[in-house]
There are 2 protein chains.
Amino acid sequence: MSLYTISQASAEVDLTPYTLRYYEKEGLLPGVKKDSAGRRNYQADDIQRIGFIKCLKGTGMSLKQIKEYGVLYVQGKKKFNERNAMLQAHREKILLEIKTQKKYLKMVEAKIEMKI
Amino acid sequence: MSLYTISQASAEVDLTPYTLRYYEKEGLLPGVKKDSAGRRNYQADDIQRIGFIKCLKGTGMSLKQIKEYGVLYVQGKKKFNERNAMLQAHREKILLEIKTQKKYLKMVEAKIEMKI
DNA sequence: CTAACAGTTATAGCTAACTCTAAGTCAAGG
DNA sequence: CCTTGACTTAGAGTTAGCTATAACTGTTAG
């Protein structure tokens, strides 16, 4: 049923084992299963979660906030509104960021065109 | 001829005086004039330069690289090619970043739509 | 059986980019 | 003249996000 050791998971999501343990320790990735020897066994679902963590982080959300999102997530349905509000606010932030990036892109292109 | 004290410049470019001094100390902003009492007098041109530093930084260039760009900049014409190559490479990076942001935006929107 | 290996924890160390503190200087208003 | 306030410097401290080390444990191949 598709299990990953930490190094396999590491390769899969392109984060070092250090980072995976760090995320878990910081509470971003609770509930990772361990085998009888105490070794992490990442499941398909964990890989998905890490993928979304990377998405949030890649769009400028702090690990602290990602953790908060995760906390709401595991509380399920009853925190749906709060959780979705967070995502919607984040969506706005991403839209703004894309806008800013486009503005900066124009500035850089203008500088290139200046040829001075 | 439009001079700014550090606090005026700070307000103008939305960076703290600490940050402005820090950038200067790090060599990102050489040649800022000082008055007889040793106080910084930012000129319109300096404000422009800070604006471009913010653009580069805002698009993920490290202060170290921004400094390198600045060094090429003050060497003028003879370093034009190197400087422009740097900007073109950076342009590609920004384009890629915008693409990534759009991908992540879709992921967040999908999560919002999931309503679970 | 044992050596190598891949994992474990706790904790220390690192880098980037600020941010602040301390101690001092200078100019202007009362 | 004296205080106030905005500035100066050098250097210390902070935060986020890793990244590495040390000491150890369990699994596996020869």
Side-chain angles (χ1 to χ4, degrees), chain A residues 3-43 46-47 49-70 90 93 97 104, chain B residues 3-43 46-47 49-71 90 93 97 100 104:
Chain A
L3 293 175
Y4 303 77
T5 64
I6 198 166
S7 54
Q8 288 165 343
S10 161
E12 192 69 24
V13 302
D14 196 28
L15 290 172
T16 68
Y18 292 140
T19 304
L20 290 178
R21 290 193 200 98
Y22 174 69
Y23 282 2
E24 199 176 328
K25 187 167 59 175
E26 292 301 305
L28 275 75
L29 195 59
V32 173
K33 297 282 184 301
K34 301 199 182 175
D35 70 10
S36 57
R39 282 171 301 201
R40 289 167 180 80
N41 266 160
Y42 293 88
Q43 280 156 326
D46 296 321
I47 304 294
R49 283 158 71 200
I50 299 168
F52 198 59
I53 289 172
K54 285 189 72 173
C55 164
L56 293 177
K57 182 174 173 298
T59 45
M61 193 182 279
S62 70
L63 298 191
K64 193 179 162 191
Q65 269 196 299
I66 295 172
K67 178 182 170 175
E68 280 163 28
Y69 173 80
H90 192 58
K93 190 179 155 183
E97 181 59 20
Y104 284 152
Chain B
L3 294 174
Y4 302 77
T5 65
I6 198 164
S7 55
Q8 287 164 344
S10 162
E12 192 68 24
V13 302
D14 196 29
L15 290 173
T16 67
Y18 293 140
T19 304
L20 289 178
R21 290 192 200 98
Y22 173 71
Y23 281 2
E24 199 178 328
K25 187 166 60 175
E26 291 301 305
L28 275 75
L29 195 58
V32 173
K33 296 283 186 300
K34 301 199 183 174
D35 70 10
S36 57
R39 283 169 302 200
R40 290 167 181 78
N41 267 160
Y42 293 88
Q43 279 154 330
D46 296 321
I47 303 295
R49 284 159 71 200
I50 298 168
F52 199 58
I53 289 172
K54 285 189 73 174
C55 164
L56 294 176
K57 182 173 173 299
T59 46
M61 192 182 281
S62 69
L63 297 191
K64 194 179 162 191
Q65 270 195 299
I66 294 172
K67 178 182 169 175
E68 280 163 28
Y69 173 80
V71 167
H90 192 58
K93 190 179 156 184
E97 180 61 19
T100 306
Y104 284 152

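In the text below, chain A, chain B and the rest are named by the order of the sequence lines, each starting its count at 1.
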Any side-chain heavy-atom pair of A:Thr5 and A:Arg39 under 4.5 Å: no
4.5 Å side-chain heavy-atom contact, B:Val13 and B:Tyr42: no
Those residues that, when tested against B:Arg40, pass salt bridge (Lys or Arg N to Asp or Glu O under 4.0 Å) (two or more places apart): B:Glu24
Worked verdict on A:Lys67 versus A:Glu26 for side chain to side chain contact (heavy atoms under 4.5 Å, CB included): CA-CA 8 Å; A:Lys67 178 182 170 175; A:Glu26 292 301 305; 5.7 Å; no
Sugar-phosphate only, base, or nothing, as touched by B:Lys57 at under 4.0 Å among non-hydrogen atoms: sugar-phosphate
Position toward the 5' end of DNA chain C (nearest nucleotide), A:Gly38 or A:Lys25: A:Gly38
CG on A:Leu3 to CG on A:Asp46, rounded to 0.5 Å: 9.5 Å
Nucleic acid contacts of residues 60-68 of chain A, taken as heavy-atom distances under 4.0 Å to DNA chain D: A:Ser62, A:Leu63
Check: A:Pro30 main-chain N/O paired with A:Arg49 side-chain donor or acceptor under 3.5 Å: yes
Close side-chain approach of B:Lys64 to B:Glu68, heavy-atom, < 4.5 Å: yes
Min side-chain heavy-atom separation B:Tyr23-B:Ile50 under 4.5 Å: no
Closest heavy-atom pair and its distance - B:Asn41, B:Val32: O-CG1, 4.2 Å
Straight-line distance of A:Lys54 NZ to A:Thr19 OG1, nearest 0.5 Å: 10.0 Å
Contacts of A:Phe52 that satisfy ring-ring contact (aromatic ring centres under 6.0 Å, His included) - sequence neighbours left out: A:Tyr69
Flag side-chain contact, heavy atom, 4.5 Å: B:His90 against B:Leu56: yes
Non-hydrogen side-chain atoms of B:Ile6 and B:Arg21 separated by less than 4.5 Å: yes
Boundaries of the chain B footprint along DNA chain D (any atom under 4.0 Å from a heavy atom): D:dC7 to D:dG11
5'-most by nearest nucleotide on DNA chain D - A:Ser36 or A:Tyr22: A:Tyr22
Sugar-phosphate only, base, or nothing, as touched by B:Arg21 at under 4.0 Å among non-hydrogen atoms: base
Nucleic acid contacts of residues 7-19 of chain A, taken as heavy-atom distances under 4.0 Å to DNA chain C: A:Ser7
For chain A, the stretch of DNA chain C it reaches, first to last nucleotide, under 4.0 Å of its heavy atoms: C:dG7 to C:dT11
